[in-house]
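Okay, structure first, notes after.
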Amino acid sequence: MLSPQGRGALSDAVLEGMRAGRTSQLAQAPQPDSPEDAQLTLWVLYELHYRGFEDVADELEWDPQLISVRRDLEADFEQTLRSRVPEIPDPADFAEDFFTFVASHDGPSIAAYVQRKATDDQVRQLLRHRSIYHLKEADHTTWVIPRLSDRVKAAVVELQFDEYGDGDPNRLHAHLFSRGLQDSGLDSRYGAYINEVPLEVLEENNAMSLFGLNRRLRGASLGFLAAFEATSSGPSRRMARGLERLGFPESMIGYYTEHVEADAVHEQLAVRTICGALLEEEPDLYDDVYLGAWTSMDLEDRYAERMLKQWDA
Ligand SMILES: [Fe+2]
Ligand SMILES: [Fe+2]
């Protein structure tokens with residue numbers, strides 16, 4: 001992937017420095033012009049830890065100046081995410097309370113719209129936006145693995161093994177999505193659509209990286225995972241029906257039908273075995289588990305609100 005276009009003073013300056021391999025001038029980095037400018041910058045900085053950019057030197061992954069810009073952006077973002085969390089249940093029966101917390105959350109649903117009404121163009125736009133995450137699906141959770149106890153680690157790896165295709169590269173969820181894109185006539189190259197994604201997509205992707213790449217936020221990372229899995233099975237079924245209705249290729253539909261059953265299993269694993277065990281061992285992470293869970297649902301709501309409004313739905 002080539003580095004994306006900037007979206008304001010800060011992302012322009014950071015991208016220019018990265019491409020030129022000169023970052024010292026970022027000691028006086030400009031303030032971000034907008035939330036979008038800040039989030040694109042953060043996305044670009046995180047991407048250095050995933051696959052990087054063809055036009056940026058690999059050595060810059062741990063460049064102190066870039067890390068310093070990243071830390072400032074992360075601090076602001078984390079504060080924003082924390083300020084959005086509503087009241088959470090008092091610690092009692094974790095799994096029960098958590099499922100209730102997720103079930104009682106009622107946000108706008110893109111999947112329901114896709115099932116019944118969305119046009120072909122709208123669904124294609126949605127798939128382009130989703131490609132930013134689905135082409136590196138599950139990778140953000142992998143960062144957390146070395147930070148966990150044996151018991152929690154074994155359960156996370158069991159879940160990740162599924163996401164990564166149970167040993168078959170053709171069954172990797174990211175690969176299923178990529179094939180679906182290709183068969184739908186869309187660009188399946190990693191990051192191909194980054195220049196057209198709105199703020200909410202950048203925020204969703206950045207929250208996953210923020211939680212995954214900071215050891216102290218491991219509770220939020222696993223809470224995010226649990227809520228993500230617990231809100232996936234039903235919407236995946238509706239997405240599959242909508243894609244069928246519009247005549248999308250079998251492979252694209254198959255990506256979503258795969259998630260109907262897989263995520264019904266994953267939600268139990270993530271809530272009970274992963275977060276349940278984590279909190280037995282580290283009860284102080286309770287609030288952070290809910291920070292992650294809320295963030296997962298809230299950022300998806302924000303995205304859905306934007307798109308449904310834009311589509312006049
Ligand atoms: Fe998946
Ligand atoms: Fe899953």
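When a ligand or atom number is given, it counts from 1 through the structure's own listing order. All heavy atoms count here, side chains included; hydrogens, waters and symmetry mates do not.
- Between F98 and Y290, the two ring planes are tilted [angle within 30° to 60°].
- Using a 4.0 Å cut-off between charged nitrogen and carboxylate oxygen, R130 and E300 count as a salt-bridge pair.
- Using cut-offs of 30° and 60° on the angle between ring planes, the pair F177 and H134 is tilted.
- Here the N, O or S atom of E163 that is nearest to the Fe ion (ligand 1) is OE1.
- When the N, O or S atoms of D263 are ranked by distance to the Fe ion (ligand 2), OD1 comes first.
- H173 contributes atom ND1 as its closest N/O/S atom to the Fe ion (ligand 1).
- Residue contact annotation: D162 places no N/O/S atom under 2.8 Å from the Fe ion (ligand 2).
- The atom name of the N/O/S atom in H266 closest to the Fe ion (ligand 2) is ND1.
- In this pair, Y286 and F94 present their aromatic rings perpendicular. The plane angle is above 60°, beyond the 30 to 60° band.
- Surrounding CD of E196 are more than 12 heavy atoms belonging to other residues, nucleotides or ligands, all under 6.0 Å away.
- Taking the Fe ion (ligand 1) as reference, E137 places its N/O/S atom OE2 nearest.
- Listed for the Q160 side chain is a donor-acceptor partner under 3.5 Å among the backbone atoms of A138.
- In H259, the N, O or S atom that comes nearest to the Fe ion (ligand 1) is NE2.
- Residue contact annotation: E258 places no N/O/S atom under 2.8 Å from the Fe ion (ligand 1).
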